[in-house]
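As structure tokens, the structure follows; a few thoughts come after it.
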Amino acid sequence: MAGQDRQQKVEYDLLKSMAILMVIQIHMMDVVELVSAGDLRAFHIHEVVRNLLLTSNGLFFMTSGRFLLEGYDGRIGRSYWKRFVKIGIPVLAASLFYYVYVYGWGWGDLGPHWKTFIKDLLQSHIQGYLWFVYALTGFYLAVPFLARMLKGMGRGEKVVLLSVTIGYFFIQDLYQIFHLEMAFTSYPFYSWVFYCILGYLIDSLGLTDREKRYLIIAGLCAFMVTVWEICFWEKENPSLHDYSVTMIFMTTAAYLAVTAYGKRFAGRSARIISFIGRRSFYIYLLHGLTQNILAGKLARYLNGNPSETPGESFGPGQPGGLVSWACWLGLSLLSFAMALGIGCVLEYGYRPILAWLLRAGEEKRGYK
């Protein structure tokens, strides 16, 4: 059983490692010019690739929710404290770092601006991609209650929950596509919370191999529908990248493909995959720094541009051509490697502090 648990864990580490690489690739699309003005074909390719990579958002929510719901032990205070010290404190520290870094202040200059910092922190204005943690916060608060609800449900009830929720998402898609005033607004799972419970629900259903294959095929079909929407459909689906039914099926297919059929690869590379997976959150926190460095420093050499402005995009060769896409992929991998290095330092440095905070929380509440 222990070996089975390790094998299962490395599969989810593989999923997290893939998802964080996809996140970096998405953000690198803002650095490398992949579409030249007026090139509709290049734009369509860009949007199709971007939509496929955006399944990473759902995958992160699914993996986070799956283990939090399964591992909840009935101690509400302990659950909240662990989320605060594992997620909240690192996010606060990273936000403070970005705030000083972006404005180019010395640490002594922060004092007069602390009110502005708090205001921007509460509104997630410091680093845009940290929206993910803010979206997870509500789920963290709901875990104690959702865990009790889901663990008490039978298989049939879970199937109905999934069916009703996906049906509700479909109705909301239609409202947005046809620009109707959304009247059905009180369903509690019409949010990222659904993705947070989706991984747990899928795994707890005990799907057969045939059922998994059907869902993976459904995800591939959903991807083809998405390609058609992007390239040929005259209307626009505002929820295409997050709450659309096609995105739900695409994300589910990716989740099942990795967790069910990535076992052999995960097993052969377990050590490196687990190494990356354990640090995926720290990679996520400061990967924006690596992209700013790459955009500011390498752009002038690859594009002949003397500017060192962080975040400035550049397009070696013809945007939309193979050279620009190869550059995008190469810089994405380089950014990933740099962020992994930073993540290792952060994880190693925070590890003893984290252990002390967790231990202090346990002792205060009298847990053993």
Side-chain angles (χ1 to χ4, degrees), residues 44 47-48 50-66 69 131-132 134-143 145-147 149-150 152-205 207 211-257:
H44 286 159
E47 288 303 293
V48 168
R50 179 170 174 265
N51 188 264
L52 184 62
L53 293 174
L54 280 170
T55 57
S56 58
N57 290 332
L59 292 175
F60 269 127
F61 284 115
M62 290 175 74
T63 53
S64 297
R66 184 241 188 268
L69 291 168
W131 71 268
F132 172 77
Y134 288 77
L136 267 177
T137 301
F139 173 70
Y140 290 154
L141 295 174
V143 162
F145 321 110
L146 289 173
M149 180 189 82
L150 296 174
M153 294 172 63
R155 190 180 194 276
E157 292 174 311
K158 293 175 181 177
V159 171
V160 172
L161 173 61
L162 286 171
S163 302
V164 169
T165 304
I166 292 174
Y168 189 91
F169 272 74
F170 179 69
I171 292 173
Q172 297 302 322
D173 287 349
L174 295 179
Y175 266 81
Q176 295 183 64
I177 290 170
F178 293 102
H179 305 288
L180 301 175
E181 182 179 353
M182 298 175 68
F184 299 98
T185 58
S186 59
Y187 189 67
F189 298 119
Y190 183 68
S191 67
W192 287 113
V193 171
F194 175 65
Y195 283 93
C196 290
I197 68 174
L198 182 57
Y200 174 83
L201 287 172
I202 289 174
D203 286 349
S204 67
L205 287 175
L207 299 173
E211 289 171 333
K212 291 178 181 178
R213 286 195 295 269
Y214 284 157
L215 285 173
I216 291 173
I217 292 172
L220 293 174
C221 293
F223 174 65
M224 297 307 298
V225 172
T226 296
V227 172
W228 174 78
E229 285 189 68
I230 292 172
C231 298
F232 304 107
W233 203 31
E234 295 181 356
K235 291 186 177 294
E236 180 182 358
N237 184 357
S239 63
L240 185 67
H241 303 307
D242 43 40
Y243 293 166
S244 67
V245 173
T246 51
M247 179 57 74
I248 292 173
F249 278 106
M250 287 166 56
T251 304
T252 299
Y255 182 90
L256 285 173

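- Ring-plane geometry between Y168 and F184 is classed as perpendicular, the angle between the planes exceeding 60 degrees on a 0 to 90 degree scale with a lower cut at 30.
- Between E229 and N237, the shortest heavy-atom distance links the atoms OE1-CB, 3.4 Å.
- Of the inter-residue distances, the one linking L162 atom CG with L198 atom CG reads 6.5 Å to the nearest 0.5 angstrom.
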Trace of the side-chain contact (heavy atoms from CB on, under 4.5 Å) decision for F223 with T55: CA-CA 11 Å; F223 174 65; T55 57; over 6 Å; no

Check against side chain to side chain donor-acceptor pair (under 3.5 Å), Y187 and T165: CA-CA 9 Å; Y187 189 67; T165 304; 2.7 Å; yes

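- Between L207 and R155, the shortest heavy-atom distance links the atoms CD2-NH2, 4.0 Å.
- At a threshold of 4.5 Å between non-hydrogen side-chain atoms, the residues Y200 and L146 do not count as touching.
- The backbone N or O of G58 sits nowhere less than 3.5 Å from a side-chain atom of Y255 that would complete a donor-acceptor pair.
- Closest of all the heavy-atom pairs between H44 and C231 is CE1-O, 3.5 Å.
- Across every non-hydrogen atom of A218 and F249, the tightest pair is CB-CD2, 4.0 Å.
- Under the ring pair (Phe, Tyr, Trp, His ring centres under 6.0 Å) rule, W192 has a single partner from F139, F132, W131, which is W131.
- Looking at T251, T63, L59, D242 one by one, the single match for side-chain contact (heavy atoms from CB on, under 4.5 Å) with Y195 turns out to be T251.
- Ring planes of Y243 and F169: perpendicular class, angle over 60° (limits at 30 and 60°).
- Contact between T246 and A222 at its shortest, heavy atoms only, is O-CB, 3.5 Å.
- The shortest distance between side-chain heavy atoms of H179 and K235 does not fall below 4.5 Å.
- One distance of note links CD of Q176 with CD of E236; it measures 10.0 Å at 0.5 Å rounding.
- A donor-acceptor contact closer than 3.5 angstrom links the side chains of D173 and S239.
- Put simply, CG on L150 and CD1 on I197 are 5.5 Å apart, with the number rounded to the nearest 0.5 Å.
- The distance from atom CG of L52 to atom CE of M247, rounded to the nearest 0.5 Å, is 8.0 Å.
- Environment of CZ in F170: sparse, with no more than 12 heavy atoms of neighbouring residues, nucleotides or ligands closer than 6.0 Å.
- Taken from CE in M153 to CG in L201, the straight-line distance is 7.0 Å, to the nearest 0.5 Å.
- Y190 places none of its side-chain heavy atoms less than 4.5 Å from the side chain of T185.
- Atom SG of C221 is separated from atom CD1 of I216 by 12.0 Å, given to the nearest 0.5 angstrom.
- Across M250 and G219, no two heavy atoms sit closer than the pair CG-O, 3.6 Å.
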